[in-house]
Amino acid sequence: MQLTETHRPTLDRALEAIRSRAYWSPHPEHPKAYGETGAADGLAAYQALLGSRFELDQPGTDGWTGAEVSPYGPELGVQYPHPDLDVLLPAMRAGMAAWRDAGPETRALVCLEILSRISARTHEFAHAVMHTSGQAFMMALQAGGPHAQDRGLEAVAYAYEEQTRTPQGVDWSKPQGKRDPLELRKVFTAAPRGIALLIGCNTFPTWNGYPGLFASLATGNPVLVKPHPRAILPLAMTVRIAREVLGEAGFDPNLVALAAERPGEGIAKTLALRPEIRIIDYTGSTEFGDWLEEHARQAQVYTEKAGVNTVVIDSTDDYKGMLSNLAFSLSLYSGQMCTTPQNLLIPRDGITTDAGPKSYDEVVADLAASVSGLLGDDGRANALLGALVNPDVKSRLEAAAGLGEVALPSREVANPEFPDAVVRTPVIVKLDGAKPDDEAAFMSECFGPVSFAVAVDSTGDALDLLRRTVRDQGAMTVGAYTTSADTERAIEEVCLEESAQLSLNLTGGVYVNQTAAFSDFHGSGGNPAANAALCDGAFVSNRFRMVEIRRQA
């Protein structure tokens with residue numbers, strides 16, 4: 001495999017991107033970039049997987065499992081190997097020494113070959129992501145394809161950067177005056193921790209999965225992929241490609257393996273406590289994330305959990321643009337993103353805008369109208385909303401309407417192509433920040449297409465509530481709108497002190513719930529929503545330890 005010639009320029013460009021933070025991506029977003037027959041070929045390849053056994057030829061298979069049902073209705077019917085962990089885990093460790101000794105550059109280039117082959121099958125992955133997450137096709141293609149691949153490549157770049165800070169070897173000499181100097185030969189090796197466990201999520205199996213997978217693999221660790229039982233296929237496809245590339249490059253394919261679980265088995269808890277598991281990457285509920293952090297003491301645990309994302313609305317010089325931007329942010333993928341705004345803090349006396357003063361009631365009504373206008377056409381609504389990923393989201397959506405005055409009721413949207421899809425528009429509920437009963441509702445995450453328009457006494461009170469929310473509940477994103485320089489500085493100070501990523505005065509085509517690899521940090525690792533950021537040096541540097549061997553010269 002001509003890995004250096006093929007992929008070293010891409011690695012160098014990725015290293016430049018994480019230093020400059022400028023826009024860059026080697027993975028095209030446009031569907032037509034994958035060839036004239038790319039779309040048809042991808043659909044055919046996806047359909048060929050349905051109703052079949054997904055062979056991986058990995059050791060320790062003791063049966064077959066899988067019960068995925070698309071949020072759009074159809075059963076996938078794919079069966080995956082179920083692992084005997086006492087056989088699979090030792091087999092995964094067998095190839096570690098050769099993978100470690102290959103060094104950071106070779107590991108990075110092998111990872112880039114894996115990503116390149118995934119990229120070539122972006123359309124196939126798009127259908128797999130769509131029918132396991134409920135994302136609309138275009139979002140599945142972009143977020144589940146090139147954007148996920150970018151995040152994986154970003155992790156490889158950080159891993160390479162951190163491992164190569166220390167030279168591989170050095171001749172060390174300490175002068176001793178008139179005596180001969182003390183001389184040693186020192187060799188430094190990035191030594192992996194051990195098997196990494198990736199616990200996948202239902203909503204973004206590749207986007208949330210690739211950073212941990214590639215960060216661990218690039219730092220020398222085998223990776224056991226445990227997908228969410230409703231979203232196995234995209235990660236199983238990833239595992240198959242990784243195993244193929246590793247084998248072709250002369251390494252043990254068992255450095256990457258799949259752990260699909262039987263219904264109700266709860267294999268994640270069992271795996272998390274195995275002594276062989278030394279790294280865990282997890283995206284999901286706060287409850288299980290907290291359990292992992294408390295109980296998986298033998299492992300380095302990276303978690304992305306729940307948070308309460310907040311937008312402070314103080315004033316704006318582009319009222320129409322603000323409403324349009326917020327409407328899109330609330331609607332995209334039916335709010336089923338860890339970055340979607342939930343609480344909109346609005347002074348009860350209203351705000352100043354370029355369209356004149358607007359009362360709290362007017363702001364909420366105008367936002368409701370903007371969402372309704374955006375989603376008024378069912379075709380456009382389906383393209384933006386996708387489908388609800390599971391029945392729990394639908395239950396929360398329906399219950400939210402009983403929490404306060406409904407400013408925008410949710411409506412059912414029919415999907416002619418997939419009549420069994422559950423598609424709902426967002427609900428906006430008016431609550432009072434001064435009422436304890438209302439606070440109990442908006443101070444916890446209500447994952448899905450649910451937003452609360454919270455009336456506060458002043459912008460100062462909004463900032464106090466923002467600080468308390470981030471500190472107690474965590475936040476993946478914070479948004480704010482203001483024309484006041486003093487208010488802007490005050491909001492910045494809250495976010496700097498509480499480690500929350502802030503977006504100010506977004507009125508165009510960039511949204512608070514979207515981040516760009518190589519430039520934006522996803523989460524901060526500094527508040528309860530996540531203990532790590534995607535992606536920075538801290539996300540990769542503790543996946544290996546630098547081990548020194550010194551010899552008398």
Side-chain angles (χ1 to χ4, degrees), residues 1-21 92-115 152-196 211-223 245-246 249-252 255-256 278-279 298-300 302 518 525 532-533 535-553:
M1 299 176 73
Q2 299 296 319
L3 295 176
T4 302
E5 182 179 330
T6 305
H7 298 302
R8 183 68 217 206
T10 304
L11 177 60
D12 289 338
R13 187 64 185 84
L15 291 166
E16 180 185 338
I18 63 173
R19 295 166 190 151
S20 71
R21 316 306 296 181
M92 294 186 70
R93 287 188 57 85
M96 275 187 67
W99 186 236
R100 176 201 65 213
D101 293 344
E105 182 175 15
T106 296
R107 288 196 295 269
L109 297 177
V110 170
C111 287
L112 265 62
E113 176 65 20
I114 296 170
L115 285 164
L153 175 54
E154 180 185 43
V156 173
Y158 272 103
Y160 179 83
E161 181 107 307
E162 293 299 320
Q163 290 174 100
T164 54
R165 287 186 186 280
T166 303
Q168 289 183 321
V170 63
D171 292 316
W172 182 85
S173 179
K174 180 180 178 180
Q176 296 292 298
K178 294 181 178 180
R179 292 174 293 168
D180 291 339
L182 301 176
E183 295 184 340
L184 296 174
R185 175 62 182 169
K186 302 182 180 183
V187 176
F188 305 95
T189 301
R193 282 186 172 273
I195 298 174
L213 191 163
F214 285 100
S216 289
L217 193 60
T219 50
N221 304 280
V223 182
V245 171
L246 285 163
F251 297 101
D252 190 339
L255 288 166
V256 178
R278 304 304 303 276
I279 300 166
Q298 86 290 351
Q300 181 70 32
Y302 299 90
F518 308 107
C535 182
D536 61 6
F539 184 69
V540 299
S541 60
N542 218 11
R543 296 172 191 263
F544 68 94
R545 295 285 81 193
M546 198 58 72
V547 176
E548 174 186 356
I549 298 174
R550 54 186 185 172
R551 294 179 174 86
Q552 189 71 43

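Sequence positions, counted from 1, serve as the residue numbers for this chain.
- When all heavy atoms of Gly194 and Arg278 are compared, the closest pair comes out as CA-CG, 3.8 Å.
- For the pair Arg543 and Tyr302, the distance from NZ or CZ to the six-membered ring centre is under 6.0 Å and the angle to the ring normal is within 45 degrees.
- Listed here is the closest heavy atom pair of Val540 and Ala155: CG1-O, 3.9 Å.
- Annotation: the span from Phe188 atom CZ to Arg165 atom CZ amounts to 15.5 Å, rounded to 0.5 Å.
- Counting heavy atoms from C-beta outward, Pro222 and Met96 have side chains that approach closer than 4.5 Å.
- With values rounded to the nearest 0.5 angstrom, Gln300 atom CD is found 4.0 Å from Asn542 atom CG.
- Inter-residue side-chain proximity for Glu162 and Phe544 is flagged as met; some heavy-atom pair is nearer than 4.5 Å.
- Contact record, Ser173 with Pro181: OG-CB, 3.6 Å, taken as the closest heavy-atom pair.
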Audit row: Thr10, Leu153, side-chain contact (heavy atoms from CB on, under 4.5 Å) steps and yes/no: CA-CA 9 Å; Thr10 304; Leu153 175 54; 4.1 Å; yes
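- Nearest heavy-atom pair across Glu154 and Cys535 is OE1-CB, 3.5 Å.
- Inter-residue side-chain proximity for Asp171 and Glu183 is flagged as unmet; no heavy-atom pair is nearer than 4.5 Å.
- Residues Glu161 and Arg19 form a side-chain contact, since some pair of their non-hydrogen atoms from C-beta on lies under 4.5 Å apart.
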side-chain contact (heavy atoms from CB on, under 4.5 Å) between Thr189 and Ile549, intermediate numbers included: CA-CA 8 Å; Thr189 301; Ile549 298 174; 5.7 Å; no
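- Enclosure of atom CD in Glu548 by more than 12 non-hydrogen atoms of other residues, nucleotides or ligands within 6.0 angstrom is indicated.
- Within the 4.5 Å cutoff, no side-chain heavy atoms of Phe214 are placed close to those of Val223.
- The number of heavy-atom neighbours closer than 6.0 Å to CD of Gln176, taken from other residues, nucleotides and ligands shown, is above 12.
- Here the side chain of Arg107 pairs a donor or acceptor atom with the backbone of Trp99 at under 3.5 angstrom.
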Evaluation steps, side-chain contact (heavy atoms from CB on, under 4.5 Å), between Val245 and Phe251: CA-CA 9 Å; Val245 171; Phe251 297 101; over 6 Å; no
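- In this structure the side chain of Gln552 reaches within 4.5 angstrom of the side chain of Leu184, judged on heavy atoms.
- With hydrogens and angles ignored, the 3.5 Å screen pairs a side-chain donor or acceptor of Thr219 with a backbone N or O of Ser216.
- Residues Leu112 and Leu11 share a closest heavy-atom pair of CD2-N, 3.7 Å.
- The 12-atom threshold is not exceeded at CZ of Arg550, counting heavy atoms of other residues, nucleotides or ligands nearer than 6.0 Å.
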Verdict with reasoning, Ile114 to Leu217, per side-chain contact (heavy atoms from CB on, under 4.5 Å): CA-CA 11 Å; Ile114 296 170; Leu217 193 60; 3.9 Å; yes
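- Ile18 and Leu15 get closest at one heavy-atom pair: CG1-O, 3.3 Å.
- Within the 3.5 Å criterion, the main-chain N or O of Arg193 finds a donor-acceptor partner in the side chain of Asn221.
- For the pair Glu105 and Arg8, the salt-bridge criterion is met [side-chain N within less than 4.0 Å of a carboxylate O].
- Going from atom CD of Glu113 over to atom CD of Gln2 covers 11.0 Å, rounded to the nearest 0.5 Å.
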